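Nothing here was measured: the structure is a model prediction, and the numbers come from that model. Numbers for residues simply follow the sequence, beginning at 1.
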Amino acid sequence: GESSGSKTLHSRHLAEGAAGIGLSLALLLLIASLGFDRMVLRPLATLTQAVRRIGAGDHAVDLDSRRDDEIGELTRAFADMARRVHAHSMHLERMVAERTSDLADANARMRETHRKLTDSIRYASLIQTAILPDRLLRDHFRGQYFVLWRPRDVVGGDLYVYRADAQGCLFGVVDCAGHGVPGACMTMIAHAALEVALRDTPWSDPAGLLARVDAIARGILPGDDKSGRIATSMDMGLVHVDLHAGTVAFAGARMGLFWSDGGDCQSLPGSRRGLNDRKPGSYETSRAALRPGRTFYLASDGLLDQSGGEQGFGFGQRRFADWVAAHAALPLAAQKERLAETLDQYQGEHGQRDDITVLAFRFEDP
């Protein structure tokens with residue numbers, strides 16, 4: 001019995017010892033776990049959260065660490081990188097703000113410059129339109145007429161002319177070198193030269209008028225070598241209608257005259273040299289009969305050279321002559337609409353190459 005009791009006591013002591021050892025191990029594991037959480041997991045969680053904030057654009061994070069181990073070193077390295085990124089981001093933001101401000105200022109200056117240029121061009125267009133004879137034609141011309149005037153830009157280098165007196169009337173189309181603003185400036189010179197020529201040269205002598213305009217233009221425009229590189233020539237066609245004699249007198253400088261009675265189209269060619277060309281040209285006056293219903297046409301080369309069709313070729317004199325033959329019997333208002341439609345269809349997606357002017361007139365009872 002005594003031996004049995006001692007065994008029981010011994011077993012109890014072993015159990016209590018094992019329980020104590022287990023409890024001690026559990027306590028050590030708890031302490032180790034809490035220490036690992038505080039020393040490793042929490043700093044890593046804080047670092048991970050800081051990485052996410054910085055990735056989202058929030059650089060105002062405090063990652064300073066006084067630890068001397070690897071985690072402390074990693075934390076300080078990342079904090080230094082975050083400060084560098086923040087500084088770089090602020091520098092970039094300042095640069096973007098400065099560039100944005102500069103671009104805004106440049107855009108404002110460009111808008112103001114564009115406004116001034118647009119206003120100037122519109123004013124130039126108003127001046128150019130004022131010298132066109134639309135009111136004279138509308139109020140005083142006794143026959144039918146139409147003018148298709150299409151500057152390539154707001155202003156252009158084409159000009160058309162109409163003058164009338166007791167003897168008859170004078171029609172003209174002028175095509176100056178260039179288009180846009182330079183071409184429009186050239187039309188001012190051409191208009192001034194023609195005005196002078198019309199005062200001292202008989203209207204019934206279109207060739208004489210062309211020669212006179214050529215001489216005046218050469219006196220106005222500089223003739224040095226430098227200006228010789230700039231195109232300042234002019235094409236011009238002038239038609240004088242003598243209502244008493246029933247004749248039409250024509251002279252052209254690189255421009256011809258077309259006419260039709262409603263059947264075939266006929267034409268009178270102009271000289272091969274323009275006005276104010278490198279070498280002076282010689283101009284001759286040709287005549288045709290003025291008959292009731294006969295329609296006459298002057299066209300600048302902007303129409304004849306306009307590219308279009310499937311091959312992109314120019315409209316050309318032959319196509320224009322065919323159009324005249326097919327439409328000359330129509331009223332001139334209808335002809336203008338048909339010509340505009342024909343030109344638009346032929347041009348298609350091709351851009352307008354030059355200024356376009358077509359002037360047509362007809363007397364039903366000369």
May I ask you to decide whether [X] forms a salt bridge with [Y], counting only side-chain N to carboxylate O separations under 4.0 Å?
| X | Y | value |
| --- | --- | --- |
| Arg109 | Asp105 | no |
| Arg150 | Asp344 | yes |
| Arg212 | Asp200 | yes |
| Asp354 | Arg152 | no |

- Query: Is a side-chain N or O of Arg294 found less than 3.5 angstrom from the main chain of Ala289, in a donor-acceptor match?
  - Reply: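 Judged by distance alone, yes, a pair lies under 3.5 Å.
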
- Item | Flag, side chain of Arg362 to backbone of Leu332, donor-acceptor distance under 3.5 Å |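 No, Arg362 side chain to Leu332 backbone: no donor-acceptor pair under 3.5 Å.
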
- Any salt bridge (charged side-chain N to carboxylate O under 4.0 Å, His left out) pairs touching residues 315-325, not counting sequence neighbours?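 As it turns out, the salt bridge (charged side-chain N to carboxylate O under 4.0 Å, His left out) pairs with a partner in residues 315-325, which skip direct neighbours, are Arg318-Asp322.
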
Given the rule that I, L, V, M, F, W and Y join up when any side-chain heavy atoms are under 4.5 Å apart, are [X] and [Y] in one cluster?
| X | Y | value |
| --- | --- | --- |
| Leu148 | Trp259 | no |
| Leu194 | Tyr160 | yes |
| Ile356 | Leu132 | no |

- Within a reach of under 6.0 Å around NE2 of His350, are more than 12 heavy atoms found that belong to other residues, nucleotides or ligands?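 Check passes, neighbour count above 12.
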
- Message: With rounding to the nearest 0.5 angstrom, report the OG to CD distance, Ser307 to Glu349.
- Response: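 These two atoms lie 12.0 Å from each other.
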
- Do we see a donor-acceptor contact under 3.5 Å between the side chains of Asp205 and Tyr283?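 Judged by distance alone, the side chains do not pair up.
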
- Task: Taking the side chain as every heavy atom from C-beta outward, state whether Trp323 and Tyr297 have any atom pair closer than 4.5 Å.
- Result: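 The answer is yes; the side chains approach within 4.5 Å.
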
